[in-house]
Amino acid sequence: MAAETDPGTKPRTPLSRERVLRAAIVVADTSGIDSLSMRNLGQKLQVEAMSLYNHVANKDDILDGIVDLVFSEIELPADRGDWKSAMRKRAISAHKALLRHPWAPSLMQSRTKPGPATLRHHDSVLGSLRKAGFTLVMAAHAFSAIDGYVYGFALQQINIPLQSKEQVAEVGDNILRQLAGEYPYLAEMITEHAMNPGYDYADEFEFGLDLILDGLERVREPA
């Protein structure tokens, strides 16, 4: 006779590769990429660590998988329309994805086994540039320039220790006391710009992005 199921017991969701990778992203987002291990991941999913190997080969396989998931969050450039607008939207989307996953900037370009979302992303970006009239070499330069800026800005933004207006004001006051009139331009920058109401370092991202896109427009060869 089959054992009766307790009606109050919620059935456990079966493990799958997707579920394992989604849980791995949560662990990495909340505790840092160094905390990601089979043991911690098993605890997160409330399963034995060994059962994870039915869905992922090892930790490297997990890292490849979660990087691919982050790439899947990035908006791909539209097939039609202005290339600059498409690249701008894609870059802003990538920047937001990197900020959602602070561990990602240092890993996104380091994997040697790119997944389908990664490959689709890269092919779509290059295709958009080529269709816009960039030569093969200039498309490579453009891709590198845009993403070098996106990843670099995200990494810098993630590592800035000031996350509130109060912290900015406190650190600004401390720096100003240290300057003691020796560095007038730095003092001016702090007092008349960075400490102004409404200032947000994140706003600098789109300004720099537009400079890069405007510069790339000048080297494009329209089809």
Side-chain angles (χ1 to χ4, degrees), residues 1-76 90-125 147-168 170-171 200-202 205:
M1 181 176 178
E4 293 184 3
T5 303
D6 184 349
T9 302
K10 185 178 179 179
R12 179 176 293 180
T13 304
L15 275 186
S16 64
R17 180 176 176 84
E18 175 81 7
R19 186 174 171 224
V20 170
L21 294 179
R22 292 291 178 188
I25 283 187
V26 173
V27 172
D29 286 350
T30 55
S31 304
I33 198 68
D34 291 337
S35 71
L36 184 58
S37 66
M38 290 300 198
R39 180 179 179 181
N40 288 343
L41 190 52
Q43 290 176 345
K44 175 68 177 176
L45 291 164
Q46 298 183 320
V47 299
E48 292 294 329
M50 290 302 295
S51 65
L52 301 176
Y53 289 99
N54 293 319
H55 308 281
V56 292
N58 48 40
K59 184 175 178 179
D60 274 338
D61 189 25
I62 292 175
L63 294 178
D64 290 338
I66 62 176
V67 163
D68 202 54
L69 285 177
V70 176
F71 269 112
S72 73
E73 296 178 12
I74 299 174
E75 180 181 347
L76 299 180
R90 198 277 312 185
I92 291 173
S93 176
H95 177 238
K96 290 179 179 178
L98 295 175
L99 294 184
R100 284 195 297 270
H101 309 291
W103 51 269
S106 61
L107 279 182
M108 294 288 277
Q109 303 297 337
S110 69
R111 311 311 301 166
T112 58
K113 295 181 180 178
T118 306
L119 297 173
R120 184 166 55 251
H121 168 270
H122 292 352
D123 187 71
S124 180
V125 173
D147 273 22
Y149 176 70
V150 171
Y151 284 87
F153 194 98
L155 191 60
Q156 182 169 275
Q157 192 174 349
I158 288 166
N159 284 287
I160 288 178
L162 310 178
Q163 302 298 327
S164 69
K165 294 179 181 178
E166 290 75 16
Q167 289 176 318
V168 172
E170 180 181 353
V171 172
D200 187 345
Y201 176 71
F205 174 73

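Nothing here was measured: the structure is a model prediction, and the numbers come from that model.
With contacts defined as side-chain heavy-atom distances shorter than 4.5 Å, the pair Arg17/Asp61 qualifies. Contact annotation: the side chain of Ile66 approaches that of Ile33 to within less than 4.5 Å [non-hydrogen atoms, C-beta and beyond]. The side-chain heavy atoms of Glu73 and Lys96, taken from C-beta on, include no pair separated by under 4.5 Å. Side-chain contact between Val27 and Trp103 is absent, with no heavy-atom pair separated by less than 4.5 Å. Side-chain atoms of Ile92 and Phe205, non-hydrogen and from C-beta on, do get closer than 4.5 Å to each other. Leu52 is not listed as a side-chain neighbour of Ile62, based on a closest heavy-atom distance of 4.5 Å or more.
Contact record, Ala154 with Leu99: O-CD2, 4.2 Å, taken as the closest heavy-atom pair. Contact record, Glu75 with Ser93: N-OG, 2.8 Å, taken as the closest heavy-atom pair. Nearest heavy atom pair, residue Ala49 against residue Met38, reads CB-O, 3.6 Å. Across all non-hydrogen atoms, the minimal contact from Leu41 to Ala24 is CD1-N, 3.5 Å. Shown here for Asn58 and Tyr53, the closest heavy-atom pair between the two residues is CA-CE2, 4.3 Å. When all heavy atoms are compared, the tightest approach of Ala91 to Val150 is CB-CG2, 3.8 Å.
Of the possible donor and acceptor atoms, one in the side chain of Asn40 sits under 3.5 Å from a partner among the backbone N and O of Ser35. Side-chain atoms of Thr30 come within 3.5 Å of backbone N or O of Val26 as a donor-acceptor pair. Remark: side-chain polar atoms of Asn159 are paired, donor with acceptor, to backbone N or O of Leu155 under 3.5 angstrom.
The one candidate from Thr118, Asp60, Asp68 that meets the side-chain contact (heavy atoms from CB on, under 4.5 Å) condition with Arg111 is Asp60.
Under the 3.5 Å distance criterion, with hydrogens and angles disregarded, a donor-acceptor pair is assigned to the side chains of His121 and Arg90.
With a 6.0 Å radius and a threshold of 12 heavy atoms from other residues, nucleotides or ligands, Asp200 has its CG atom above the threshold. Gln109 CD: more than 12 foreign heavy atoms inside a 6.0 Å radius.
With rounding to the nearest 0.5 angstrom, the CZ atom of Arg19 is 5.0 Å from the CG atom of Leu45.
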- Give the C-alpha distance, both sets of side-chain angles, the deciding distance and a yes or no for side-chain contact (heavy atoms from CB on, under 4.5 Å) between His122 and Phe71. CA-CA 9 Å; His122 292 352; Phe71 269 112; 3.7 Å; yes
- Test side-chain contact (heavy atoms from CB on, under 4.5 Å) applied to Leu15 and Asn54, step by step: CA-CA 9 Å; Leu15 275 186; Asn54 293 319; over 6 Å; no
